[in-house]
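Taking it in order: structure first as structure tokens, then the write-up.
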Amino acid sequence: MRFARFVHAGGVSFGVVEGDASGLTVAEISSLPFEAVRFTGQRWALADVRLLAPIFSSKVIGIGRNYADHAAEHGNEVPKEPLIFIKPSTSVIGPNDAIRLPPQSQRVEEEAELGVVIGATGARRLDRAGAERAIFGYTIGNDVTARDLQRSDPQWTRAKGFDSFCPIGPWIVTGLDVSDLEIRAEVGRNPEAMETVQLGRTKDMVFDVPTLVSYVSHVMTLLPGDIILTGTPAGVSQITPGDTVSVSIQGIGELRNPVVSLD
């Protein structure tokens, strides 16, 4: 199933996205996505609502250098264990929301990533099997990064943590095999003629999804709705005001965001 959070004339709701590219609709539910699905009977064409980030997260955990080619393009070694960092909840935005470039940075880059959404039971000190059971579904993330600040600061909080630096969406997909999916990032000023800058496959992760969930759960308790961003393939590129960034993952969909200057 595809779970979305959206704004409609009556307020904000969760819903199930149904149909295909020729006619997507969203059916409102009265429950949280983690609970037994209860439909209200209200339904809208997807084009008539505004999608938000699909879930509330107490925290977003990033994984650094989890693709060997991305580590190599920045002259780094592949870590011997997962390299984790935090993106604040205030950095999260939804589909079509603007990535706002701060004046403190002269080089901001996109990072296309598979996002893992933790389910109702949460995750604390889980083994691999328990980690697999704790996963609710998957979404798309863009780990926007101020690369110059990442290089100059002794740790990555500032470079990764600006408001709007964590687009998430367009929805959460459940029951998906993510062991070998294409992940792509495109950037351009003309949304109809985008340049592919990143192209990889999830099978090339250094540490796979259950390993990451288990590892992080031994460091911090993961709460329902928390998201782990699983790393990015090579090809990250500078984004500038006027660009549009598209991140797509096979079996999930596409996440698009315009880029603007904060000034």
Side-chain angles (χ1 to χ4, degrees), residues 53 57-115 139-169 183-189 195 197-198 200 205-207 212 216 219-220 226-247 255-263:
S57 303
S58 74
K59 53 190 172 292
V60 177
I61 300 93
I63 306 296
R65 303 171 189 166
N66 198 33
Y67 287 77
D69 57 358
H70 174 62
E73 74 177 339
H74 290 291
N76 297 310
E77 298 291 330
V78 171
K80 292 182 172 57
E81 57 185 300
L83 175 61
I84 65 175
F85 58 91
I86 293 285
K87 292 179 80 79
S89 60
T90 49
S91 68
V92 174
I93 58 175
N96 301 311
D97 290 339
I99 298 168
R100 305 187 301 276
L101 304 185
Q104 295 96 319
S105 175
Q106 302 305 306
R107 186 176 182 89
V108 176
E109 298 178 352
E110 95 296 326
E111 293 192 7
E113 310 210 5
L114 173 70
T139 190
I140 299 172
N142 184 353
D143 176 21
V144 181
T145 302
R147 194 68 66 196
D148 51 351
L149 302 184
Q150 185 184 25
R151 290 170 176 152
S152 66
D153 290 357
Q155 45 75 36
W156 299 353
T157 301
R158 184 167 66 133
K160 302 280 192 177
F162 285 99
D163 290 352
S164 80
F165 268 30
C166 191
I168 297 289
I183 179 169
R184 177 189 299 264
E186 298 174 306
V187 177
R189 304 216 162 221
E195 176 188 358
V197 293
Q198 291 183 270
M205 290 181 188
V206 177
F207 304 102
L212 295 175
V216 175
V219 177
M220 64 190 77
D226 283 351
I227 294 172
I228 298 176
L229 298 180
T230 56
T232 195
V236 294
S237 62
Q238 184 173 12
I239 57 176
T240 58
D243 285 340
T244 294
V245 182
S246 165
V247 180
L255 172 66
R256 281 199 177 211
N257 297 92
V259 181
V260 301
S261 173
L262 186 59
D263 294 336

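Scope of the values below: all heavy atoms of this structure, side chains included, with no hydrogens, waters or symmetry mates.
Side chain of T232 to main chain of A112: a donor-acceptor pair is present (N/O by atom type, distance under 3.5 Å, no hydrogens or angles). S261 places no side-chain N or O within 3.5 Å of a backbone atom of P241 that could act as its donor or acceptor partner. A side-chain donor-acceptor contact under 3.5 Å links N142 to the backbone of E111. Side-chain atoms of T230 come within 3.5 Å of backbone N or O of L114 as a donor-acceptor pair. Put simply, the side chain of Q198 gets close to the backbone of P233: a donor and an acceptor are under 3.5 Å apart. Between the E113 side chain and the G231 main chain, a donor and an acceptor come within less than 3.5 Å of each other. A donor-acceptor pair under 3.5 Å links the side-chain atoms of D226 to the main chain of S58, judged by distance alone.
For the pair I227 and V92, the minimum side-chain heavy-atom distance is 4.5 Å or more. A 4.5 Å side-chain heavy-atom check between V260 and R100 finds at least one atom pair inside the cut-off. Contact check for E109 versus I239: no side-chain heavy atoms found under the 4.5 Å cut-off. Taking the side chain as every heavy atom from C-beta outward, I86 and I61 approach each other to under 4.5 Å. In this structure, the side chains of V236 and E110 come closer than 4.5 Å at one or more pairs of heavy atoms. Taking the side chain as every heavy atom from C-beta outward, P82 and V216 never approach each other to under 4.5 Å. Using a 4.5 Å heavy-atom cutoff, the side chains of C166 and L229 are in contact.
The two residues G64 and F85 come nearest to each other via the heavy atoms N-CE2, 3.8 Å. Of all heavy-atom pairs spanning L262 and P103, the tightest one is CD2-CD, 4.0 Å. Closest approach of Q150 and A159 over heavy atoms only: N-CB, 3.4 Å. G161 approaches P88 most closely through the heavy-atom pair O-CG, 3.5 Å. What you find for G141 and I168 is that their closest heavy atoms are CA-CD1, 3.9 Å.
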Audit row: V108, F165, side-chain contact (heavy atoms from CB on, under 4.5 Å) steps and yes/no:
CA-CA 10 Å; V108 176; F165 268 30; 4.0 Å; yes
side-chain contact (heavy atoms from CB on, under 4.5 Å) between V60 and S91, worked out:
CA-CA 9 Å; V60 177; S91 68; 5.7 Å; no
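Here the straight-line distance linking atom CD1 of I99 with atom CZ of F162 works out to 14.0 Å at 0.5 Å rounding. Within the model, atoms CG of L255 and OG1 of T139 stand 7.5 Å from one another, a figure rounded to the nearest 0.5 Å.
Within the structure, the salt bridge (Lys or Arg N to Asp or Glu O under 4.0 Å) test picks out the following pairs touching residues 62-88 (sequence neighbours left out): K87-D143.
Contacts of S89 classified as side chain to side chain contact (heavy atoms under 4.5 Å, CB included), with partners at least two apart in sequence or in another chain: none. The salt bridge (charged side-chain N to carboxylate O under 4.0 Å, His left out) test applied to D153 returns R158, not counting sequence neighbours. With sequence neighbours left out, the side chain to side chain contact (heavy atoms under 4.5 Å, CB included) criterion links Q238 to R107, T240. D97 meets the side chain to side chain contact (heavy atoms under 4.5 Å, CB included) test with R50, I93, N257; sequence neighbours excluded. Legend: residues meeting ring-ring contact (aromatic ring centres under 6.0 Å, His included) with Y67, ordered by chain and number and at least two apart, are absent.
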